[in-house]
Novice: 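One structure, as C-alpha cells, below. Some questions next.
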There are 2 protein chains.
Amino acid sequence: MGNREKIIRGAIELMNARGSAVGTSALAEHLGISPGNLYYHFRNREAIVAEILTRCADDLHAILDVSDQSEISPERFASCYVGGVRVLFEYRFLFSSALELVSSDASLTAAYRKFSETSVGQLKLALSLARAVAASERALTDDDARRFCQNMWLIWTGWPRYAQVNLGRDMDQTDQMECLRHLTLLIEPYVTPAFFQAVSEQAVQQFAQPPKTLA
Amino acid sequence: MGNREKIIRGAIELMNARGSAVGTSALAEHLGISPGNLYYHFRNREAIVAEILTRCADDLHAILDVSDQSEISPERFASCYVGGVRVLFEYRFLFSSALELVSSDASLTAAYRKFSETSVGQLKLALSLARAVAASERALTDDDARRFCQNMWLIWTGWPRYAQVNLGRDMDQTDQMECLRHLTLLIEPYVTPAFFQAVSEQAVQQFAQPPKTLA
DNA sequence: GTCTATACGCCGATAGAC
DNA sequence: GTCTATCGGCGTATAGAC
C-alpha cells in the first residue's frame, strides 16, 4: 500500500477518533512520515477530506441503489440498512464534524449537500418500493415521506456522534447493532408485521456476516 | 448590559453562524472590545462555552420538566416540543459541533453527557405520561421507548445542523416549524388520532405566539 | 518519493499601563 | 474594567536537499 492510501486511511482513523480538527502534523506523526510528504500526495488538507467524502458517497450510493428494482424484498431492504450503517460508521467523522468541514471550504459544501440530498432521495425510493410490499394502512403524504426519510438520515448520521459523546468511547460492533435497532424501530409502524419481522431477522443475519472486504 | 453578558450572547451568535471554531480574537472584534478584555471576564475560552452549555441545559430542563404531572395534556405536550425547538435553535452550535467541543475538555464532556441523559430521560417520562392519555394499541417495550426518545433527541438536536448545511443559510422561523413537523411525525403512530390532532394544533398555535422574553 | 528546515500566520493567554 | 503590546505555541504550506 502506497503512502497516498496510507494517508487516506490514517486520516479517517484519526479523525474518527479525535474529530476533524486533526492537523497535518499530527497526521504525519501518526503515520510515521514527514509533514512535507503529505503535500507531495495532496495539494492541501482539504483535498484529503474531499477524497474521503467522495469515497464515502460512492460506497453508500452503491449500497442504497435500488433503482433497478420494481418491488423491494425484505432481504434487499435489510441490506440497505446493514450496509449503510457499516459505511456511515466507517466514515463517521464526516457527519460528526459536518459543520466544521463544510464551513472551511465552498466546494466541500456543495459536495456534502449533494451527498445528503442523493442519499435521502435513495431512501425515499426504497421506502416507496417497500410500502408497496407492505400494504400498510398507514399512508404517508409525499411531504411526510420526505420528512420520514430525513428523520432516518438524521438518526443514521447522528447516532455515531451521540454514542461517542455519551458513551465516552469509540464505536464498536454493539453500537452499530444498536443503530440498526433505532432505524428499524422507525419503520415499524409503516410496514406490515410480516415485512417488519423479515427485515429485522435479515438485518441481524446480514450483520453477523463479515463485511465484504475490498481486494 | 455588561460586557460579560455581551460576550456570552456574542459567542452564541457567532458560533451559531460559523461553528464552534470561532476564536477569542474574532469574538472580541465582533463585539468591539479588546481580546484582553475577554480574559478579565472569563478564565479562558472553555469557560465561555461551559457557561453557555449550563444556560442551555437549564432552559431546556425547565421546559421539559413534567415531573409534577400525573397525566400530560396535549397542551403541555406541545409546549415541550415548541419550547424545546426554540431552545435548541437558540443554542444550536452546541449540538452541531458537539464532538469538537467535547474533545477539547474533560469537564465539558461530563456536563454535556449529563445534559443529554437528563433530557432523554425527561422525554421518556413525558412519553409515558402521554401514552396513558393516548391508549394507543401500539405498545413500546421499555428498551424501545428509550430508543424512541433517543431518536427524538437525535432529530431535535440534529435538524439545525442538517438544515444549515443542506439549505446553505442560517436558520429562521420556517426551519423551526419544519423541525416541529419532523418531531410530530415521529410520535404520530404511537398516540391516538385525537391526541395527535390536538398536539399538532397546539404546536402550531403556541409556535405562532411570541416566545416569552426574559426581563 | 521522502526527507529536513523553515516561513508565515493565527490563536490563546498574560503583563502591565491607564 | 478596559486597553495595548506581546509572548509562545501550533498548524498549514513551501523550498530545496537527498
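In what follows, chains are A, B, ... by sequence order, proteins preceding strands, each numbered from 1.
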Novice: May I ask you to say whether A:Asp142 pairs ionically with A:Arg147, meaning some side-chain N is under 4.0 Å from a carboxylate O?
Specialist: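 Judged by the 4.0 Å cut-off on N to carboxylate O distance, A:Asp142 and A:Arg147 do not form a salt bridge.
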Novice: Give a yes or no on whether the backbone of A:Glu90 and the side-chain of A:Asn16 come within a donor-acceptor separation of less than 3.5 Å.
Specialist: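 Present.
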Novice: Would you give a per-nucleotide map of nucleotides 10-15 of chain D, 5' to 3', where B means the base has a protein non-hydrogen atom under 4.0 Å away, S means only the sugar-phosphate does, and - means neither?
Specialist: -SSBB-
Novice: Walking along DNA chain C from 5' to 3', note the first and the last nucleotide with an atom under 4.0 Å from a heavy atom of chain A, and give both.
Specialist: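 Range of nucleotides within reach of chain A: C:dG1 to C:dT4.
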Novice: Less than 6.0 Å separating the ring centroids of B:Tyr190 and B:Phe196?
Specialist: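 Centroid separation for B:Tyr190 and B:Phe196: 6.0 Å or greater.
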Novice: Is the gap between the ring centers of B:Phe115 and B:His61 under 6.0 Å?
Specialist: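 B:Phe115 vs B:His61: aromatic centres under 6.0 Å.
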Novice: Are any of the side-chain nitrogens in A:Arg9 or A:Glu5 under 4.0 Å away from the carboxylate oxygens of its partner?
Specialist: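 Salt bridge between A:Arg9 and A:Glu5, a charged N being under 4.0 Å from a carboxylate O: yes.
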Novice: In terms of relative ring orientation, are B:Tyr81 and B:Trp156 parallel, tilted or perpendicular, with 30° and 60° separating the classes?
Specialist: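 Aromatic pair B:Tyr81/B:Trp156 classed tilted.
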Novice: Please identify each residue that fulfils side-chain hydrogen bond (donor to acceptor under 3.5 Å, both in side chains) with B:Glu51, with sequence neighbours left out.
Specialist: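 Testing B:Glu51 for side-chain hydrogen bond (donor to acceptor under 3.5 Å, both in side chains), a comparison that skips the adjacent residues, returns B:Arg4, B:Arg55.
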Novice: Under a 3.5 Å cutoff, is there a donor and acceptor pairing between the side chains of B:Ser79 and B:Arg76?
Specialist: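 There is such a pair (donor and acceptor under 3.5 Å, judged by atom type) between the side chains of B:Ser79 and B:Arg76.
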Novice: Look at all strands and tell whether B:Leu38 reaches a base, only sugar-phosphate, or nothing, counting heavy atoms closer than 4.0 Å.
Specialist: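 No contact.
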